[in-house]
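Lettering follows sequence order; numbering is per chain, from 1. Keep in mind that this is a model prediction, so the values were computed, not measured.
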Amino acid sequence: MKLIEVYTQLFNGIWFAIAINNQYVEASSFGKNQQTAIINVLINIPFELPFQIFHEPTITAKQALMHLKCIYDGKDVESNLSLATARLPTYTKKVLKATSSIPVGYVTSYGLIAKAVGGGPRAVGNIMASNPFAPIVPCHRVVRSDLSLGGYGLGLEAKMELLKREKRGFTSSREITINSASLAVFPVEHVLRNFTTNFLGKS
DNA sequence: TGCAAACCATAAC
DNA sequence: GTTATGGTTTGCA
């Protein structure tokens, strides 16, 4: 059995980590320090699989890590990384796929995803909470139905930071299509406005 | 606003 | 099989 390779890299004060298994990304994460980035990746790789942590990323690993950084920066990059989703439950795959199709600059809610793919809001929330592929699968673009932030595994501050960088100036909501179902998405600005009125300018 | 109840796939026993 | 667990939502006072 092949070893899962774990790599880390520091970009602009943020540590990024990725676990690679035979070209497939098993898990990815980021954090303020190297240790938490590594831990967040390790908790998402299957318990029975052996892994090794490398100090110097290979060329391909470095490219993958750079890709993470681009996403973190809010750039609209298309992912050429293959995610190891094979062993995940069918429903989980459906939810992650739906989440992946939320465009940069928009957000949607747990409940609306549930309506689009079936199931309930809390089930969707649970899957977001255990998303192994942050920020590749943009679970930070999923918020509460009232457009308040909701939660985030890597900290609400990080969720906020990501969303701020994804502002595109969109003003109206739109619909995207997921397997013949439609999903409404809203400009990320709505969340940010909501956030400031809730926490700063309440009067 | 705030609280209670319904919601639903997973993981853990 | 059963239970516990939420990054939720909705209705009602």
Whole-Å gap separating P (C/dT9) and OH (A/Tyr110): 8 Å
Sugar-phosphate only, base, or nothing, as touched by A/Val142 at under 4.0 Å among non-hydrogen atoms: base
Check: A/Ser109 side chain, A/Leu112 main-chain N or O, donor-acceptor pair, under 3.5 Å: yes
Anything under 3.5 Å between a protein N or O and an N or O of nucleotides 6-13 of chain B, put it in a table, one pair a line.
unit_1	atom_1	unit_2	atom_2	d
B/dA6	N6	A/Arg122	NH1	3.2
B/dT10	OP1	A/Tyr91	N	3.3
B/dT10	OP1	A/Thr92	N	3.2

Aromatic ring pairing A/Tyr152/A/His140, orientation class (parallel under 30°, perpendicular over 60°, tilted between): perpendicular
Min side-chain heavy-atom separation A/His67-A/Val77 under 4.5 Å: yes
Watson-Crick or G-U stems of DNA chain C, 3 or more pairs, under 3.5 Å, by first number: B:1-6 with C:8-13, B:8-13 with C:1-6
ILVMFWY network linking A/Ile43 to A/Ile4, side-chain heavy atoms under 4.5 angstrom: no
Where A/Leu149 and A/Met160 come nearest, the two heavy atoms and their spacing: CD1-SD, 3.9 Å
Sugar-phosphate, base or nothing in reach of A/Ser130, heavy atoms under 4.0 Å: nothing
Nearest non-hydrogen partners of A/Pro135 and A/Ile71, listed with the distance: O-CG2, 3.5 Å
Separation of B/dG2 C1' from A/Asp146 CG (nearest whole Å): 14 Å
Main-chain N/O of A/Thr36 paired to A/Asn33 side chain as donor or acceptor, under 3.5 Å: yes
Within-4.5 Å side-chain heavy-atom neighbours: A/Arg141 and A/Val104: yes
Donor-acceptor contact below 3.5 Å, side chain A/Lys159 vs main chain A/Val142: yes
Table of protein N/O atoms under 3.5 Å from nucleotides 10-13 of chain C N/O atoms:
none

Test item: A/Asn131 side-chain N/O and A/Val137 main-chain N/O as donor-acceptor pair under 3.5 Å: yes
